[in-house]
Amino acid sequence: MPEPLARKVLLIGWDAADWKIINPLLDQGLMPTLDDFINHGVMGNLATLRPILSPMLWNSIATGKRANKHGIHGFMEPDTQNGGIRPVSSTSRKVKAIWNILTQRGYRTHVLGWFAGHPAEPVNGISISDLYPYATAPKDQPWPLPPGAVHPESLRDTFAELRMHPADVTEAAILPWIPRAAEIDQEKDRGLMSFSKILSENCSIHNAATWILKNEPWDFMAVYYNGIDHFCHGFMHYHPPRMEGIPEDRYEIYKEVVNGAYRFHDMMLETLLELAGPDATVLLVSDHGFHSDHLRPRGIPAEPAGPAIQHRPFGIICIKGPHVQQDERIYGATLLDVTPTILTFFGLPVGADMDGRVLVQAFEEAPEVARIPSWEQEAGECGMHPADLRMDPAAAQAVLQQFVALGYIQPPSEDQSKAVASAVREANYNLARDYLDCGRPDDALPLLEGLAKNDPKQTRFQMHLAQCYLALNRREAAKQILETLLTADLNPPKPTDAKSEQPDSAAPADVAPQATIAETAEAEKAKSADKQPNSRPWADLLMGVIHFEEGNMEAALASLLKAEQSDPRLPNLHLRIGETYLRQKRTEDAGRAFQQALDIDGDSPEAHLGLAMVLLRQRRNEEAAEQALLAVGLQHFLPLGHFYLGVALARLGHRQRAMLAFETCLSMLPGLVAAHRWLAALHSQPGGDLDKAIRHRSLYAQLLQQRKSRVRG
């Protein structure tokens, strides 16, 4: 077994933290703790998974496994004990989390506030559930902890006293964030109520975390803060630069709330690091980012989990501690890599059934990585609940109201059968999207066909089914769906305006995403009514992809340009336009299209890859290598990115680096014929490995013959 490289590990989760907001604050010296952290460790982007929904993502972080393995497929699930539906919980997770594995190996382990963490699991340490900080009653009334919020039960009263009620958020706490708070009419504008609720909940979690670090021995601790995500959902509309339709007076009042959230988290980080001590290994991660610039959506789709449209596909990762590199950047990390990396810090084996990998580039020296088939097969007490553990109905209702207030679910139907059907539908839809995201369209197909059959007017189901057919090379089936959408013009529900997204006033105010701009809703709606997204641009985009794959470039370009006319910011549209121009050998046009994609999203690995291809055609090899490096840095598993990097490096005379790039490409895509050809040529040069040259030349010939046979067949 490898030697442990960490004595203790602290995992900190900042939901929705994003470098796009952090970097300017670092430059201004406004996040000094994080600045020092990354100067003494490593940092990078953390690629998320789709769908970008927090309960699925945080449990992938904790397990190293995708949702199709860990079993949490959204926010809600049928309640088999009480009837109706309930929030996903710790008993919904079908596999061991990192704290269960460490409990099984005897480590003193604490976990606080993790998404879908109720009831608290009986780990070898302290477990605080995500229901712990919710204030379910006014301060002048009792607000006891829900059953199962704290493990062990003997510490229940201790932690109950550490909670902060929203009513405890004083003027002194509010004014640094909202200096003009006195101007707010709280009868009409619930922004301060939302602010106080978010702040108090995160203070409660932080109080519990600091108490444990001060008073309990520990080997591992995981603590999750939802503050950045909730502050962003509530106040990102006011973040600079001012969005069209946002009144200037409201903008001036709330414009610093999001930046304040980050600065507050930096202060909490300072306390955690001081209490953890200099010998602790610390990982700071987020599950996704949050659009904060021109990509902020102007409306929220009126569908379950609609607010996820505000999420950006890259979160953050920072690691510091003994045996970790200092002041370095790491590339290609995904949230699936967190648990395998923590196991390696402890000298424990990584499960072969985990979907992530160890972030070896973060270490001073490449660690020895041990493996076992699966931790699920390891016997012993691991601190997991039995699957049939009953959730307290009152606690379940509190979480339901929280999800409704956030806009992630609609208020559940009073008809239990309808509520169950809705929960099953959304879980199947999210699971199908997870299968599509990891390249398993065969598994997604029956789910999407069932959804489309049962709800034919739900355009989102039709569109994903068309994508699934396309992934399975069933173009005619995909065309049939798209032609139906284009001719019948079946539009999906239009994004709601600020007013209609507002939770029912009878529900407890949470982040109330657009509560404070309700008076501008009608004006905003009128301005954007003709720009609301619908099925037509998506259908034109997919039809263009089909024409492209059929070799009809003129028809492909016509469809893609129609989509651009309808919605020029449609994801991946300009990438497809660029690819089509490349196929037509219109290199300059292709370069403009890929640059347009980068202007929309500068963190698009595919756009950087497209520019690398354009630059290679123009023999601008150094620039091509730079773009290819940016592409694989953003998304390590990008075989063509490594391939084109290899081509650029080979042309520049960097033979060893080129061979490494081609070998990396083939480790991901063994059947890429051109990579074998390049390696055969490079190894045939003086100083090369002739055996490898012969092997790659043979593989090249075999693959070429197989391709010719398929074409003839």
Side-chain angles (χ1 to χ4, degrees), residues 18-20 23 42-50 288-289 295 312-317 328-337 356-357 359-361 437-439 545 548 571-583 587 589-652 654 657-670 672 674-675 678-679:
D18 194 314
W19 290 119
K20 277 193 173 183
N23 285 331
V42 299
M43 55 86 73
N45 283 324
L46 195 65
T48 192
L49 309 173
R50 286 178 173 80
H288 56 74
L295 294 178
R312 209 170 72 87
F314 289 102
I316 71 167
I317 184 167
E328 292 290 342
R329 191 176 183 96
I330 59 174
Y331 297 94
T334 79
L335 52 80
L336 293 165
D337 304 332
R357 62 188 179 90
L359 295 172
V360 294
Q361 57 187 308
D437 190 50
C438 65
V545 172
F548 180 92
N572 299 325
L573 172 61
H574 297 286
L575 302 176
R576 294 298 189 177
I577 293 174
E579 291 167 358
T580 307
Y581 280 136
L582 275 179
R583 187 69 66 87
T587 308
D589 290 330
R592 281 191 290 270
F594 290 126
Q595 187 57 57
Q596 197 165 359
L598 281 176
D599 290 342
I600 293 172
D601 183 3
D603 284 335
S604 168
E606 297 86 354
H608 286 293
L609 175 59
L611 276 181
M613 296 163 66
V614 168
L615 293 164
L616 281 172
R617 291 193 179 190
Q618 296 171 335
R619 294 284 166 171
R620 295 159 63 182
N621 297 316
E622 287 190 12
E623 295 170 80
E626 181 181 351
Q627 291 297 324
L629 276 170
L630 288 170
V632 298
L634 288 164
Q635 182 178 327
H636 180 73
F637 194 90
L638 193 66
L640 289 179
H642 295 282
F643 173 77
Y644 288 114
L645 175 60
V647 173
L649 292 171
R651 288 181 179 177
L652 291 167
H654 303 306
R657 291 172 60 195
M659 288 191 293
L660 177 60
F662 288 128
E663 288 165 358
T664 303
C665 165
L666 288 173
S667 71
M668 302 174 181
L669 189 63
L672 188 61
W678 271 101
L679 282 169

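The figures that follow rest on heavy atoms only: side chains count, while hydrogens, waters and symmetry mates do not.
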> Could R576 and F548 be counted as a cation-pi pair, given that NZ or CZ must be under 6.0 Å from the ring centre and within 45° of the axis?
Replying inline: no
> Could you give the distance from CG (L46) to OG1 (T334), rounded to the nearest 0.5 Å?
Replying inline: 6.5 Å
> Donor-acceptor pair, W678 side chain versus M659 backbone, under 3.5 Å?
Replying inline: no
> Do side-chain atoms of N23 reach the backbone of K20 as a donor and acceptor pair under 3.5 angstrom?
Replying inline: no
> Counting only heavy atoms not in E622, do more than 12 fall under 6.0 Å of its CD?
Replying inline: no
> Roughly how far apart are T664 OG1 and L669 CG, rounded to 0.5 Å?
Replying inline: 12.5 Å
Show every donor-acceptor pair shorter than 3.5 Å between a side-chain atom in residues 636-651 and any protein atom, with sequence neighbours excluded, or say none if there are none.
| residue | atom | partner | partner atom | Å |
| --- | --- | --- | --- | --- |
| H642 | NE2 | H636 | O | 2.8 |
| R651 | NH1 | L616 | O | 2.9 |
| R651 | NH1 | N621 | OD1 | 3.2 |

> Does the pair N45 and W19 meet the rule for a side chain to side chain contact (heavy atoms under 4.5 Å, CB included), with working shown?
Replying inline: CA-CA 8 Å; N45 283 324; W19 290 119; 3.3 Å; yes
Can you give the donor-acceptor pairs under 3.5 Å from side chains of residues 602-612 to other protein atoms, not counting sequence neighbours?
| residue | atom | partner | partner atom | Å |
| --- | --- | --- | --- | --- |
| D603 | OD2 | R312 | NH1 | 2.8 |
| D603 | OD2 | R312 | NH2 | 3.3 |
| S604 | OG | E606 | OE1 | 3.4 |
| S604 | OG | A607 | N | 3.1 |
| H608 | ND1 | Q627 | OE1 | 2.7 |
| H608 | NE2 | G602 | O | 3.2 |

>> Would the distance check show the side chain of D337 and the main-chain N or O of R357 forming a donor-acceptor pair, the cut-off being under 3.5 Å?
In response: yes
> Would a distance-only check, ignoring hydrogens and angles, find a side-chain to backbone donor-acceptor pair under 3.5 Å from R617 to L582?
Replying inline: yes
> Looking at CE of M613 and OG1 of T587, how far apart are the two atoms once the value is rounded to the nearest 0.5 Å?
Replying inline: 10.5 Å
> Which atom pair, heavy atoms only, marks the closest approach of G591 to V614?
Replying inline: N-CG2, 3.8 Å
> Is a side-chain N or O of D437 found less than 3.5 angstrom from the main chain of R50, in a donor-acceptor match?
Replying inline: yes
>> Within this structure, what is the CZ-CG distance for the pair F594 and L615, rounded to the nearest 0.5 Å?
In response: 10.5 Å
